[in-house]
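Worksheet: one structure, shown below.
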Amino acid sequence: MASPQGSRAPLEFGGPLGAAALMLLLPATMFHLLLVVRSGPARLLGPPPYLPGLQVLWSPRMLLLWLTWLGLQAALYLLPARKVAEGQELKDKSRLLYPINGNPIYDFFLGRELNPRVWSFDFKYFCELRPGLIGWVLINLAMLMQEAELRGSPSLAMWLVNGFQLLYVGDALWHEEAVLTTMDITHDGFGFMLAFGDLAWVPFTYSLQAQFLLHHPQPLGVPVASVICLINAVGYYIFRGANSQKNTFRKNPSDPRVADLETIPTATGRQLLVSGWWGMVRHPNYLGDLIMALAWSLPCGVSHLLPYFYLLYFTALLVHREARDEQQCLQKYGLAWHEYCRRVPYRILPYIY
Ligand code: NDP
């Protein structure tokens, strides 16, 4: 089967069977999490406390609210006063491919179109950051305000979760241009995976910690809160340092901030960083992201597994994503990639993985 870029690529995510399973499993998991987080026992692995009837799930008002939210984001996205950045060049720039045979389930999951657009409105790029990520922050804020209403003031744990995640989302929006070089934009089509992921999974499951704290208040002292802040700061430092170093290097390898770093030449003419953050492990940005994920769960205490769902899921996602990226880098860079792996043997966690 042709990939969205046109070259033949091995099937990912377990092919059509895996794609079909994920399309059932992801929405079911999301509903499960949303039901248990507000139940007394809040058991990640237990059955949901009740199943809401259709009349609860379907409300024209909610649909209208959701469409208004998307419409507002779309209007802001279309504002003429914005910076325009160039994306990556496609491999088959000069001709379109019309593959005859594909698997509808797999294609629906991963998406056939790499960059679906109507005029200048790029659906995938639009969904990547704005409605879902900002929606996540709004849900967090709603939890904080509801807690203040219920208990007089928001708890320290709620402030931390809101603050950490606001920093993360603010950072993503501040560095919006960097999304153009991520796998989501350069490699994955716009299918169920990204549409559901960006619009539903991110806002509703990434806000689980704030939802949990609203229904299950947790005491948190200043000393423990300070340690958690430190963990988040370390994670953010690694995450931002690694991502900025690579982005600066990819934009301009002779930029003074990266010019002194050691590199490996590749047959494509591009180079691979082999010192600095990218000489520590092959995915230092994932390490920083995971440390932050831990800091987001810790304010929820250790009585429940549920607030750690994000950390567990995100570890699985990044381990899988790292393997996919390695495969793509091996195809792109061949021997040079082998050399990089020899010189930087650990993938995410130094001396462990
Ligand atoms: P990365 O930013 O990790 O980019 C991977 C690419 O970087 C490779 O394909 C290669 O592309 C380039 N690269 C790899 N090694 C080197 C090197 N040594 N020197 C120079 N370039 C190198 O990709 P992702 O899109 O996976 O992640 C982006 C960020 O988004 C990460 O911080 C990640 O943690 C985060 N993320 C967050 C998610 C969330 O839900 N919160 C989900 C997914 C990601 P090339 O050589 O072509 O430039």
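The figures here come from the full heavy-atom set of this structure, side chains too, leaving out hydrogens, waters and symmetry mates. Atoms within a ligand are numbered from 1 in the order they appear, just like the ligands themselves.
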Distance filter under 4.0 Å to [X] heavy atoms, resulting ligand 1 atoms:
X	value
Asp325	5 (C), 6 (C), 8 (C), 9 (O)
Tyr333	45 (P), 46 (O), 47 (O)
Tyr310	41 (N)
Phe239	32 (O)
Tyr206	39 (C), 40 (O), 41 (N)
Asn285	1 (P), 2 (O), 3 (O), 31 (C), 32 (O), 34 (O)
Thr182	25 (O), 28 (C)
Cys329	8 (C), 9 (O), 10 (C)

* From CA spacing to verdict: side-chain contact (heavy atoms from CB on, under 4.5 Å), Val281, Ile348 -> CA-CA 6 Å; Val281 283; Ile348 299 178; 5.7 Å; no

State whether the shortest distance between N or O atoms of [X] and N or O atoms of ligand 1 falls below 3.5 angstrom.
X	answer
His283	yes
Gln271	no
Trp337	no
Lys332	yes
Leu317	no

For this output row, return yes or no: ring centroids of [X] and [Y] closer than 6.0 angstrom.
X	Y	result
Tyr237	Phe239	no
Trp296	Trp136	yes
Tyr346	Tyr353	no
Tyr333	Tyr340	no

Using heavy atoms and a threshold below 4.0 Å, how should the contact between [X] and ligand 1 be classified: side chain, backbone, both, or neither?
X	value
Tyr168	side chain
Arg270	side chain
Gln328	neither
Val344	neither

* Asked: So with a 6.0 Å cut-off around CZ of Phe108, is the heavy-atom count from everything else above 12?
  ->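 Result for CZ/Phe108: open.
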
* To do: Check Gln271 against Pro265 and note the closest heavy-atom contact, atom names and distance.
  =>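 So the two residues come closest at CG-CA, 4.3 Å.
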
* Does any non-hydrogen side-chain atom of Glu128 lie less than 4.5 Å from one of Leu133? ->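 Contact flag for Leu133/Glu128 side chains = no.
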
* Asked: Who passes ring-ring contact (aromatic ring centres under 6.0 Å, His included) against Tyr308, sequence neighbours left out?
  ->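 With sequence neighbours excluded, Tyr308 shows a ring-ring contact (aromatic ring centres under 6.0 Å, His included) to no residue whatsoever.
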
* With side-chain contact (heavy atoms from CB on, under 4.5 Å) as the test, would you mind laying out the steps for Trp277 and Asn243 before giving the verdict? => CA-CA 9 Å; Trp277 288 114; Asn243 279 325; over 6 Å; no

* Asked: How would you list, by chain and number, every residue that makes a side-chain contact (heavy atoms from CB on, under 4.5 Å) with Ala293, sequence neighbours excluded?
  -> Tyr310, Leu311, Phe314

